[in-house]
Amino acid sequence: MLVNFTFIGLMAPVFTIFNPDFTVNTDRIPQYANYLLESGINGILVAATTGEGTSLSVQERKNLTESWASAVKTTRQHLMVQVGGAPFPDVVDLARHADNLRVDSILTMPELYFKPKNPQELISYLKFVSAAAPNTPLFYYHNPGHTGVNIDMAEFLEQASNQIPNLKGIKYTSNDLAKGYAALRAAKGKFTVFIGGDYLLEPAFATGFTSATAASINVFPRYSVEMLAAIKQAKLDTALELQQNLTRILNIVTKYGSRVSGLKLAMNLFTPINVGLARPPLQNPNPSKIEEIKTLLEPFI
Ligand SMILES: *[C@@H]1O[C@H](CO)[C@@H](O)[C@H](O)[C@H]1NC(C)=O
Ligand SMILES: *[C@@H]1O[C@H](CO)[C@@H](O)[C@H](O)[C@H]1NC(C)=O
């Protein structure tokens, strides 16, 4: 079975919307999808780090995936679903569920307890995920800061190349851009390497990355959209200034709480989509600081 992957560009790792009682709200998903489309974002990533995927139950993740799959039927956005970070039978179950729904791609974290120690151990794990979703392009989620798994991605791609038929690339979320660049070179047009995160978008685009996922794409989509356009037109000063402003935004947000909860607050303050609070164990910014945060962020809107 030939599995195709053609997406290039910016993908929003969407927030999971919680009601005030911390149950998952799926009602606002169609509106959220439209808002992103109107902001020039044609890719959606569900239940990754920004989407608090590891804070959700299996049934909640299935419900979310079903709601997004239904929303993108109208907006025609690419739908990638993160299925990992759960006990192994649940990962397999989520992969099968996503495959049955015909989502456009799946992304998985590594096993988080019996961690793989080398590329081949990771490949053997991914083969099981691949077998559960054989019709869907598969991506590996490299995020050593959160997972504690730090396998060399260039070596991994070289070794995985002929072993996992539907492997289409990786999401590279690490501040080690030298290793990310090596992975991009190793991908050699056979794999897609998404740069993940908000701090290194400009240097990544400048060194040849063409696809990205970053939490800020939800709240401040114009920064990534304009940065990518500026790099394509060789307007390096503009791209740098956009990155510097984006970094300032992230520094403000993370001073008051976690990156995800701070950006959720910004989303609620500055966009039409109310995504609610972050679910425990994440902590939310102190409500008494909301006006202060708003004032600091306003110049960057
Ligand atoms: C999943 O969705 C179904 C149908 O909409 C609903 O009845 C159920 O409560 C939801 N489950 C969870 C855990 O959110
Ligand atoms: C960066 O932010 C400042 C406000 O602090 C603004 O004057 C400037 O235009 C911004 N630059 C870009 C490229 O958005």
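Here, residue 1 is the first one in the sequence, and each next residue gets the next number. Every number for a ligand or one of its atoms is a count from 1 in the order of the listing. Computation of the quantities below employed the complete heavy-atom set of this structure, encompassing side-chain atoms and omitting hydrogens, waters and symmetry-equivalent molecules.
- Ionic pairing of Lys264 and Glu52 is present here: one or more N-O contacts between side-chain nitrogen and carboxylate oxygen are shorter than 4.0 angstrom.
- The nearest heavy-atom contact from the protein to atom 1 (C) of ligand 2 is Asn245 ND2, 1.5 Å.
- Ring centroid separation for the pair Phe88 and Tyr125 comes in under the 6.0 Å cut-off.
- Below 30°, between 30° and 60°, or above 60°: for Phe194 and Phe7 the angle between ring planes is below 30°, a parallel geometry.
- When non-hydrogen atoms are compared, ligand 2 lies under 4.0 Å from the side chain of Arg222 (C-beta onward) but not from its backbone.
- Taking a 6.0 Å sphere around NZ of Lys115, one finds it holds more than 12 heavy atoms contributed by other residues, nucleotides or ligands.
- Considering only non-hydrogen protein atoms, atom 5 (O) of ligand 2 sits nearest to Phe300 CE2, 3.7 Å.
- Between Asp90 and Arg61, no side-chain nitrogen of the basic residue sits less than 4.0 Å from a carboxylate oxygen of the acidic one, so the salt-bridge criterion is not met.
- Scanning all protein heavy atoms for the shortest distance to atom 4 (C) of ligand 2 gives Pro299 O, 4.1 Å.
- Residues Leu64 and Leu36 are members of one and the same hydrophobic cluster, defined by side-chain heavy-atom contacts under 4.5 angstrom among Ile, Leu, Val, Met, Phe, Trp and Tyr.
- The aromatic rings of Phe220 and Tyr223 sit perpendicular to each other, their planes meeting at more than 60°, with 30° as the lower class boundary.
- Residue-ligand proximity: Gln243 is placed with every non-hydrogen atom at 4.0 Å or more from ligand 2.
- Of the protein's non-hydrogen atoms, Asn63 ND2, 2.4 Å is the one closest to atom 10 (C) of ligand 1.
- Not a single N or O atom of Glu60, backbone or side chain, sits closer than 3.5 Å to an N or O atom of ligand 1.
- The presence of a protein heavy atom under 4.0 Å from atom 7 (O) of ligand 2 is ruled out.
- When only interatomic distances are considered, the shortest N/O to N/O separation between Glu241 and ligand 2 falls below 3.5 Å.
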